[in-house]
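To start, the structure itself, in structure tokens.
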Amino acid sequence: MEAELIRHLLTLLDRFRAHRDREESTIGRHCAADGAFFSRLREGKTLTARKYDSVVGWFSENWPEGAEWPSDVARPTKAQNAPIENEAAE
């Protein structure tokens with residue numbers, strides 16, 4: 001399962017880079033706060049479900065207009081990307 005999620009992230013990265021002239025490390029800094037994020041995934045490092053959701057959410061929010069989202073990667077809805085409100089703070 002984790003290998004499939006990593007494959008999804010690398011697919012998103014490749015498709016995104018095909019439409020935006022950005023270095024992999026730059027995208028990693030933006031989507032995961034880690035310039036080596038994608039290279040570490042290729043090296044076999046793991047990730048949490050929360051990090052996966054966060055990175056996919058970033059791609060969804062920043063997806064290039066006119067670019068096709070990969071059909072094998074579930075795209076989050078706007079509601080899933082919305083920040084969670086802290087009810088205790090209200």
Side-chain angles (χ1 to χ4, degrees):
M1 175 75 159
E2 186 175 14
E4 182 178 355
L5 298 180
I6 290 170
R7 185 180 54 78
H8 288 173
L9 294 179
L10 296 175
T11 297
L12 289 171
L13 173 67
D14 290 343
R15 294 267 180 99
F16 187 89
R17 289 188 72 204
H19 292 273
R20 295 276 166 83
D21 184 25
R22 301 286 186 277
E23 293 294 325
E24 179 177 300
S25 59
T26 301
I27 297 168
R29 279 195 313 272
H30 287 287
C31 72
D34 179 359
F37 178 73
F38 294 105
S39 63
R40 279 204 281 275
L41 290 180
R42 283 191 198 89
E43 293 169 358
K45 300 296 182 185
T46 61
L47 75 156
T48 65
R50 180 177 288 222
K51 180 58 89 173
Y52 175 84
D53 289 343
S54 173
V55 172
V56 172
W58 182 90
F59 275 114
S60 184
E61 288 293 319
N62 294 281
W63 200 248
E65 192 170 324
E68 186 175 336
W69 186 268
S71 61
D72 62 335
V73 179
R75 188 170 189 176
T77 63
K78 291 280 186 188
Q80 290 172 317
N81 290 340
I84 299 170
E85 292 184 28
N86 185 351
E87 294 175 2
E90 293 179 5

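Sequence positions, counted from 1, serve as the residue numbers for this chain.
Atom CG of Asp21 has 12 or fewer neighbouring heavy atoms from other residues, nucleotides or ligands inside a 6.0 Å radius.
The distance from the OG1 atom of Thr26 to the CZ atom of Arg17 is 9.0 Å, given to the nearest 0.5 Å. Rounding to the nearest 0.5 angstrom, the gap separating the CZ atom in Phe59 from the CG atom in Leu12 is 5.5 Å. Expressed to the nearest 0.5 Å, how far CG of Asp34 lies from CD1 of Ile27 amounts to 13.5 Å. The distance from atom CG of Leu9 to atom CD of Glu4, rounded to the nearest 0.5 Å, is 11.0 Å. The structure places CD1 of Ile6 at 7.5 Å from OG1 of Thr46, a figure rounded to the nearest 0.5 Å.
Annotation for Pro76 and Ser60: closest pair O-OG, 3.7 Å, computed over non-hydrogen atoms. Among all heavy-atom pairs drawn from Leu5 and Tyr52, the shortest one is O-CE1, 3.4 Å. Scanning all heavy atoms of the two residues, the minimum distance from Val55 to Cys31 falls at CG2-O, 3.6 Å. Heavy atoms only, all atoms of each residue included: Arg20 and Pro64 are closest at NH2-CA, 3.6 Å. Summarising the geometry of Glu2 relative to Leu47, their closest heavy-atom pair is OE2-N, 2.9 Å, with the distance given to 0.1 Å.
Qualifying side-chain contact (heavy atoms from CB on, under 4.5 Å) partners for Ser71, counting only residues two or more places apart in sequence or in other chains: none.
Considering only heavy atoms from C-beta on, Lys51 comes within 4.5 Å of Phe37 through its side chain.
Between Trp58 and His30, the ring-plane angle classifies as parallel under the 30° and 60° cut-offs.
In summary, Arg42 and Glu24 engage in a salt bridge, as defined by a charged side-chain N under 4.0 Å from a carboxylate O.
Judged by distance alone, with hydrogens and angles left aside, the side-chain atoms of Arg75 form no donor-acceptor pair with the main-chain N or O of Trp69 at under 3.5 Å. A side-chain donor-acceptor contact under 3.5 Å links Thr11 to the backbone of Arg7.
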Check your understanding: Checking side-chain contact (heavy atoms from CB on, under 4.5 Å) for the pair His19/Trp63: CA distance, chi angles, key distance, verdict?
Key -> CA-CA 9 Å; His19 292 273; Trp63 200 248; 5.9 Å; no
